[in-house]
There are 2 protein chains.
Amino acid sequence: MKNILFDFISKYVSLSEEEKNVLLSLDLFHTVKKGTILLEEGQKSNDSYFVLKGCIRTYYIIDGDEKTTAFYTELDAYTPHCVINKAPSEYFISCVEDGIILIADENMSADVNSKFPKFEIMCRKLSEELLAKKQTDFDEFKTSSPEQRYLNLIQKRPDLVQRVPQHQLASYLGIKPQSLSRLRARIIEKKN
Amino acid sequence: MKNILFDFISKYVSLSEEEKNVLLSLDLFHTVKKGTILLEEGQKSNDSYFVLKGCIRTYYIIDGDEKTTAFYTELDAYTPHCVINKAPSEYFISCVEDGIILIADENMSADVNSKFPKFEIMCRKLSEELLAKKQTDFDEFKTSSPEQRYLNLIQKRPDLVQRVPQHQLASYLGIKPQSLSRLRARIIEKKN
DNA sequence: AAGATTTGTTCACTTAAGTTAAGAAATACT
DNA sequence: AGTATTTCTTAACTTAAGTGAACAAATCTT
């Protein structure tokens with residue numbers, strides 16, 4: 001797990017042994033069980049996540065039912081909105097599978113960032129990159145139909161379709177579970 | 001214009017006079033005419049934008065017609081994806097109105113960031129904030145209907161509905177111009 | 001293993017968006 | 001000012017998503 005983390009970091013900055021040891025002294029790694037709720041609606045939090053293994057999802061409860069809006073899997077980093085704006089969370093975060101998650105408290109990060117400017121640089125680069133990518137994903141979503149979005153998902157994140165329940169995928173695609181079922185049947189129909 | 005910029009920056013870090021002077025020495029401010037194209041599809045660029053006055057939009061050309069996916073107005077900062085991934089742009093950026101735009105070349109930013117860690121911190125905070133907000137906007141988009149999205153837009157960015165052509169708004173809302181017309185008629189109908 | 005719950009599919013019906021086309025209104029152009 | 005172009009609306013028709021319900025399949029639970 002350490003290696004996975006350091007390999008990831010090395011894409012942004014190169015760490016000395018000392019810096020690596022500082023990170024390892026922080027008790028960042030957590031094993032989580034499927035179904036564990038990491039954050040609840042209404043709750044405040046200072047935790048950012050980095051998925052080493054497994055899958056976590058964010059979901060809202062609107063009119064009584066779940067709307068899943070995002071999945072984070074291996075090597076995905078994620079800071080919830082409530083950490084940034086210091087307000088109660090508007091959504092839940094839970095674990096789709098058993099996994100290993102790195103959890104970094106904001107005070108921790110601030111500490112490390114002020115001691116090692118390298119981390120500050122890494123965080124900036126990573127955020128800039130994720131922001132650009134998020135915007136592109138959003139663009140793609142806006143400019144395509146549910147069917148195109150599903151086909152696109154099969155291409156870009158084929159694992160998700162396997163590891164995540166259909167009804168969660170449906171809201172991730174901005175539609176109802178029944179529509180996803182129908183849409184899939186339609187695609188198979190077209191192939192023949 | 002200088003004051004607008006420094007007021008904005010002061011929300012993230014406090015600058016010394018020296019640091020302010022460094023910024024002002026960089027020839028960042030540009031007046032732009034409505035219709036000016038800042039970036040074309042296929043083109044490479046290192047420029048980030050900060051809108052002091054006016055409105056810029058990003059749009060794709062898909063099957064021959066424009067799909068507008070984002071608007072940036074007063075105090076919005078924006079770095080195109082092609083700057084981050086060093087690849088040719090997949091979309092255009094153009095000016096919706098006459099305006100004043102701050103344009104920062106990446107070399108410039110790198111220079112300033114390495115001389116003044118404060119800027120690095122500001123960029124990290126700003127990116128983190130924008131990323132969190134973008135995700136929330138995306139969530140909202142996914143979990144609502146075109147009509148809800150339009151009503152939401154009237155609440156949150158009422159200026160946009162005034163200053164931007166309907167057909168650009170339509171693709172921003174993920175629908176066709178005719179559907180936006182119909183949807184607006186439907187809303188007015190409901191009021192009576 | 002039996003029963004309960006969650007998950008996924010199908011169907012009939014409703015609602016709204018996509019499509020194509022025509023025309024009105026506003027804006028830009030010379 | 002008059003013409004051309006762009007922008008916006010309306011309408012009829014098509015297509016696909018939303019809704020509610022029933023059922024099948026898979027998965028917990030005990």
Side-chain angles (χ1 to χ4, degrees), chain A residues 33-37 55 57 59 61-68 71 92 94-98 141-154 160-192, chain B residues 33-37 55 57 59 61-68 71 92 94-98 141-154 160-192:
Chain A
K33 284 268 167 227
K34 174 176 177 175
T36 306
I37 293 185
C55 175
R57 62 186 255 264
Y59 63 96
I61 293 190
I62 298 176
D63 296 333
D65 46 30
E66 287 185 10
K67 304 278 185 179
T68 298
F71 297 102
F92 298 78
S94 88
C95 302
V96 175
E97 305 168 348
D98 292 355
F141 192 94
K142 276 183 181 172
T143 57
S144 56
S145 67
E147 184 171 327
Q148 288 172 315
R149 297 199 289 254
Y150 177 70
L151 291 170
N152 188 41
L153 188 71
I154 291 175
L160 267 194
V161 184
Q162 301 307 318
R163 65 209 287 198
V164 160
Q166 297 289 322
H167 66 278
Q168 292 176 11
L169 266 191
S171 50
Y172 180 69
L173 294 169
I175 57 176
K176 303 284 160 176
Q178 299 93 317
S179 296
L180 179 55
S181 263
R182 176 168 42 197
L183 174 162
R184 297 174 82 213
R186 200 164 62 218
I187 289 169
I188 292 166
E189 185 64 26
K190 279 183 192 167
K191 280 189 191 158
N192 310 337
Chain B
K33 284 268 166 226
K34 174 176 178 175
T36 306
I37 293 186
C55 176
R57 62 186 256 263
Y59 63 96
I61 293 191
I62 298 175
D63 296 333
D65 47 31
E66 287 185 10
K67 303 279 186 180
T68 298
F71 297 101
F92 297 78
S94 87
C95 302
V96 175
E97 304 168 349
D98 293 355
F141 192 93
K142 275 183 181 172
T143 57
S144 56
S145 67
E147 184 171 326
Q148 288 172 314
R149 297 199 288 254
Y150 177 70
L151 292 169
N152 189 40
L153 188 71
I154 292 175
L160 267 194
V161 185
Q162 302 307 320
R163 65 209 286 199
V164 160
Q166 298 289 324
H167 66 280
Q168 291 176 10
L169 267 191
S171 50
Y172 181 69
L173 294 169
I175 57 176
K176 305 282 161 178
Q178 299 92 318
S179 296
L180 179 54
S181 264
R182 176 168 42 196
L183 175 162
R184 297 175 81 213
R186 199 165 62 217
I187 289 170
I188 292 166
E189 184 64 26
K190 279 182 191 168
K191 280 189 192 160
N192 309 338

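Naming: A, B, ... by sequence-line order, numbering from 1 per chain. As the structure is a prediction and not an experimental result, all values here were calculated from the model.
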Below 4.0 angstrom, which residues in residues 169-179 of chain B have at least one non-hydrogen atom near DNA chain D? B/Gln178

Partners of A/Asn152 by side chain to side chain contact (heavy atoms under 4.5 Å, CB included), sequence neighbours excluded? A/Glu140, A/Lys156

Please check if the side chain of A/Gln148 supplies one atom and the backbone of A/Ser145 the other of a donor-acceptor pair under 3.5 Å. yes

Axial bend angle, the helix from C/dA1-D/dT30 to C/dT30-D/dA1: five-pair end segments, nearest 10°: 60°

Which atoms form the tightest heavy-atom contact between B/Glu66 and B/Ser171, and what is the distance? O-OG, 4.4 Å

Under the side chain to side chain contact (heavy atoms under 4.5 Å, CB included) test, which residues partner B/Gln178, sequence neighbours left out? B/Lys176

Going 5' to 3' along DNA chain D, which nucleotides are the first and last within contact of chain B (any atom under 4.0 Å from a heavy atom)? D/dT7 to D/dT10

If the plane angle is over 60° it's perpendicular, under 30° parallel, otherwise tilted; pick one for B/Phe141 and A/Phe141. perpendicular

Euclidean distance, atom CZ of residue A/Arg186 to atom P of C/dT9 [Å, nearest integer]: 14 Å

Would you mind telling me which of B/His167, B/Gln168, B/Arg57 makes a side-chain hydrogen bond (donor to acceptor under 3.5 Å, both in side chains) with B/Thr68? B/Arg57

Distances under 3.5 Å between protein N/O atoms and the N/O atoms of nucleotides 3-8 of chain C, please, pair by pair.
residue : atom : partner  : partner atom : Å
C/dG8   : OP1  : A/Gln166 : N            : 2.9
C/dG8   : OP2  : A/Gln166 : N            : 2.9
C/dG8   : OP2  : A/His167 : N            : 3.1
C/dG8   : OP2  : A/His167 : ND1          : 3.0

Shortest non-hydrogen separation from A/Tyr150 to A/Arg184 and the atoms involved: OH-NE, 2.9 Å

